[in-house]
Protein chains: 2
Amino acid sequence: MVLDDVIDNLRQYVSLSQEEIKYFFESVTVCRFRKNKVLVERGQLNSPFIFIRKGCLMTFFTDEKDFKHVIQFGMDKWWTGDLNSFMNGEPSIYTIKAMADTEVLMLEKKSFEQLCQRHHAFEGYFRVLFQNSLVSHQKRIIRNISFTAEEKYLTFAKNHPKLELLIPQKYIASYLGITPEFLSMLRRKLAKRK
Amino acid sequence: MVLDDVIDNLRQYVSLSQEEIKYFFESVTVCRFRKNKVLVERGQLNSPFIFIRKGCLMTFFTDEKDFKHVIQFGMDKWWTGDLNSFMNGEPSIYTIKAMADTEVLMLEKKSFEQLCQRHHAFEGYFRVLFQNSLVSHQKRIIRNISFTAEEKYLTFAKNHPKLELLIPQKYIASYLGITPEFLSMLRRKLAKRK
DNA sequence: GTGATTTCTTAAGCTAGTTTAATAAATCAG
DNA sequence: CTGATTTATTAAACTAGCTTAAGAAATCAC
């Protein structure tokens, strides 16, 4: 019996036979990356869908003025990747970088499709995964359009205490859509208030 | 042979037998709403998943200060709804309102689950639907954190010319996360520039 | 068609958040 | 351990976007 975090995760949503578990592991590749290593370059084709076993990944977008905007942090037991590039074969618009030594499972599109086709359970799993992710993306949009910088920061710090410690502040600022200088100022103000 | 926009839409992603089409129509309820009618109230349980056949729906969130924030507009051939409420049985955090006379197909959670269980094709369809929606939500987040108000507005106007005409400006402002006064000012500035 | 209500515009004053720049602190490479 | 590089802090000047308020235009109900 193969035990693994990813299987625990899958089993939260669907039930899997031994055969299906075996097939899943045949479909993915285990990779390890050192801190600061870039996993997915902007412009890359065939970008994979990635399950983070352990570590931390950061996904960011580089605009025309060469500014970097952090789109997502990924931690243990999260899936990440450029979904559009993965699904539609287009070049990745994001860069994905390891923020700590990280171990991942990489799933290629072909394997993903076979997985979904052959075993109904996986299709169901990914449906639920996307559906949940959609709910949290919607919540983030609400925060984006209705929260002040302070509220955004406090919510982030409360929801992701581990990231708050692990990630350099300037990236957190970028994720929140504010400047690092202003975040620094906010933190000072909040610390005084206590 | 039943022909319908919703079937066209489903068939863009998966192939369906006559039996599956029949079963789909047994699973949904056709409803019509006059302009300004509220379809889903905040706090409502069992909120449905909604396919818009014709018309326009607006989804908004009401905060503690009683401000309304527009989360989404939905037009012909779009699915909409409070996904969290629909999937997890929680009270809806959104209000959904008709912005024009609108005809929809309503899908209840129970029917949704039966649909997915009995016919693999529907599970696949919703997986792709959520996946595509996720991609556009991510793009919206990029715009939120990296665009100026002017860039946000221009992108919206370019991508949704029909909505731009149909929807009162104050709701568009809300959707973009800016005040109606500022949008008005922007539009004047842009009109002069031409 | 008319009065009532909602939406849009305009403008002045304001503030949350940015920009720039310089210094301090922390981390990294060898 | 040391110099080099990256990250964080601080502060002053600035600006994009907000608030308030009042009038104009459009839409709605009857």
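None of these values were measured; they are calculated from a predicted model. So you know, we letter chains A, B, ... as the sequences are listed, proteins then strands, and number each from 1.
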Shortest side-chain distance from A:Y171, nucleotide among C:dT7, D:dT7, C:dC28:
D:dT7
Considering only side-chain heavy atoms of A:K170, which listed nucleotide, D:dT7, D:dT10, D:dC28, is closest?
D:dT7
Between [N] atom [atom2] and [X] atom [atom1], what is the distance in whole Å?
{"X": "B:L166", "N": "D:dA26", "atom1": "CG", "atom2": "P", "value": "18 Å"}
{"X": "A:R188", "N": "C:dA24", "atom1": "CZ", "atom2": "C1'", "value": "14 Å"}
{"X": "A:R34", "N": "C:dA29", "atom1": "CZ", "atom2": "P", "value": "12 Å"}
{"X": "B:K97", "N": "C:dT6", "atom1": "NZ", "atom2": "C1'", "value": "11 Å"}
{"X": "A:R187", "N": "D:dT10", "atom1": "CZ", "atom2": "P", "value": "11 Å"}
{"X": "A:K68", "N": "D:dT7", "atom1": "NZ", "atom2": "C1'", "value": "16 Å"}
{"X": "A:D101", "N": "C:dC28", "atom1": "CG", "atom2": "P", "value": "11 Å"}
{"X": "B:Q169", "N": "D:dA26", "atom1": "CD", "atom2": "C1'", "value": "12 Å"}

Which class fits the ring pair A:F130 and A:F112: parallel under 30°, tilted 30 to 60°, perpendicular over 60°?
tilted
Pair B:R187-B:Y153, side-chain hydrogen bond (donor to acceptor under 3.5 Å, both in side chains): steps then yes or no:
CA-CA 9 Å; B:R187 281 169 53 91; B:Y153 168 67; 2.9 Å; yes
Which part of the nucleic acid does B:K152 contact within heavy-atom distance under 4.0 Å: base, sugar-phosphate only, or nothing?
nothing
side-chain hydrogen bond (donor to acceptor under 3.5 Å, both in side chains) with A:D101: of A:K54, A:R34, A:K35, A:K37, only one passes, and it is A:R34
side-chain contact (heavy atoms from CB on, under 4.5 Å) partner of B:R53, chosen from B:V104, B:L105, B:D76
B:L105
As a test of understanding, state which of A:V40, A:L39, A:I50 forms a side-chain contact (heavy atoms from CB on, under 4.5 Å) with A:T80.
A:I50
Approximate separation, where rounding is to 0.5 Å, of A:Q138 CD and B:I71 CD1
7.0 Å
Axis-to-axis angle across the helix from C:dG1-D:dC30 to C:dG30-D:dC1, five pairs each end, nearest 10 degrees, ~ 70°
Sub-6.0 Å ring centroid separation between A:Y23 and A:F122
no
Going by salt bridge (Lys or Arg N to Asp or Glu O under 4.0 Å), B:K22 matches just one of B:E19, B:E20, B:E26. Which one?
B:E26
Once base and sugar-phosphate atoms are separated, protein heavy atoms under 4.0 Å mark nucleotides 15-20 of chain D, 5' to 3', with B, S and - as --BSBB
How would you list, by chain and number, every residue that makes a side-chain hydrogen bond (donor to acceptor under 3.5 Å, both in side chains) with B:Y175, sequence neighbours excluded?
none
Given that A:N36 and B:P180 both sit by DNA chain C, which one's nearest nucleotide is further toward the 5' end?
B:P180
